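As structure tokens, the structure follows; a few thoughts come after it.
Keep in mind that this is a model prediction, so the values were computed, not measured. Atoms within a ligand are numbered from 1 in the order they appear, just like the ligands themselves.
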Amino acid sequence: MNRTRRPLIAGNWKMNGLSAASTSLAAELAARATDAARSGSLRADVLLCPPATLLAEVGRLVAGSPIATGGQDCHAEASGAFTGDVSAEMLADIGCRYVIVGHSERRSLHKESDAIVLAKASAALRAGLAAIVCVGETAAERDAGQALAVVERQLRGSAPSTSAAVVVAYEPVWAIGTGRTASPADIGEVHAHLRQVLKDHLGPKGNDVRILYGGSVKAANAGAILSTADVDGALVGGASLKADDFWGIVTAV
Ligand code: 13P
């Protein structure tokens with residue numbers, strides 16, 4: 001962790017959450033974050049990325065608390081005939097400050113290329129949102145010794161080079177939802193490499209970009225992961241669906 005970059009703990013709810021349970025989760029987290037900020041113990045930015053159906057409601061519940069909201073994806077265009085899609089401008093319109101782009105589930109299940117992810121990240125910046133650009137290798141790519149080359153290619157291909165209003169999330173595909181986390185040594189190696197690529201890509205502003213780790217982060221392993229050099233926070237899936245589990249990660253910072 002580097003003290004000049006404020007850590008970010010982001011919850012990606014994925015396609016989970018109906019209104020009743022989700023509103024109590026968001027309200028509970030907003031109350032805890034407000035208390036922590038008042039007592040001076042909140043050491044991270046906190047972000048919730050619920051499904052699009054809940055974004056407005058969660059946004060209302062966390063308004064006035066230190067918690068921000070973000071989308072899980074956006075279209076590259078601002079508006080138009082794109083049935084089922086949501087634009088970055090629409091997310092900004094309901095108070096979002098972030099949007100995740102290029103999550104491995106979108107890259108694999110929706111066949112999103114680096115070029116598509118770059119267009120979405122650029123749309124996010126156009127709309128005034130911070131883009132959380134996800135990268136990560138598969139198990140086969142890691143076993144073939146290609147992890148660093150894969151994440152470098154994804155980062156160069158999908159992160160806009162004109163702005164530092166970008167957050168990078170390193171999420172090894174084999175660690176997502178599997179209970180397997182990368183070791184702090186492996187995480188540190190990839191994050192250090194991504195930092196070099198960012199400095200090459202953005203110049204000195206590459207030092208300001210936060211690099212999150214994601215993949216089976218839990219309260220029990222968060223301390224070790226978050227104390228690794230160049231890890232500036234976490235992108236949390238399953239453990240972001242329960243207040244105690246998610247808050248355990250926030251307080252591990
Ligand atoms: P899990 O924390 O459930 O492994 O998910 C990680 C992730 O994909 C967050 O975007």
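- Val173 and Leu148 fall into different hydrophobic clusters, where Ile, Leu, Val, Met, Phe, Trp and Tyr residues are linked whenever their side-chain heavy atoms come under 4.5 Å apart, directly or through other members.
- Among the atoms of His103, some N or O lies under 3.5 angstrom from an N or O of ligand 1.
- Taking every heavy atom of Ser216 and a limit of under 4.0 angstrom, the matching atoms of ligand 1 come to 1 (P), 2 (O), 4 (O).
- For ligand 1 and Leu235, the ligand atoms under 4.0 Å from any heavy atom of the residue are 9 (C), 10 (O).
- Distance CG/Leu235 to OH/Tyr213: 10.5 Å, rounded to 0.5 Å.
- Among all heavy-atom pairs drawn from His201 and Leu155, the shortest one is NE2-O, 4.3 Å.
- The shortest heavy-atom distance from Lys218 to ligand 1 is not under 4.0 Å.
- Of the listed residues (Asp73, Val135, Val101), just one forms a side-chain contact (heavy atoms from CB on, under 4.5 Å) with Val117, and that residue is Val101.
- Around atom 9 (C) of ligand 1, the closest heavy atom drawn from Gln72, Glu171, Arg180 belongs to Glu171.
- Atom CZ of Arg97 sits in a sparse spot, with 12 or fewer heavy atoms from other residues, nucleotides or ligands closer than 6.0 Å.
- Polar contact with ligand 1: present for Gly177 (N/O pair, distance under 3.5 Å).
- Close approach of ligand 1 to Gly238 (heavy-atom distance below 4.0 Å) involves ligand atoms 1 (P), 2 (O), 3 (O).
- Per-residue contacts place Ala175 under 4.0 angstrom from the following atoms of ligand 1 (heavy atoms of the residue considered): 4 (O).
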Which pairs of donor and acceptor atoms, one on a side chain in residues 243-253, lie under 3.5 Å apart (sequence neighbours left out)?
| from | atom 1 | to | atom 2 | distance (Å) |
| --- | --- | --- | --- | --- |
| Asp244 | OD1 | Arg32 | NH1 | 3.1 |
| Asp244 | OD1 | Arg32 | NH2 | 2.7 |
| Thr251 | OG1 | Trp247 | O | 3.0 |
| Thr251 | OG1 | Gly248 | O | 3.3 |

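- For atom 2 (O) of ligand 1, the nearest non-hydrogen atom of the protein is Gly237 N, 2.9 Å.
- Distances below 4.0 Å separate heavy atoms of Asn12 from the following atoms of ligand 1: 9 (C), 10 (O).
- Atom CZ of Arg195 is separated from atom NZ of Lys199 by 7.5 Å, given to the nearest 0.5 angstrom.
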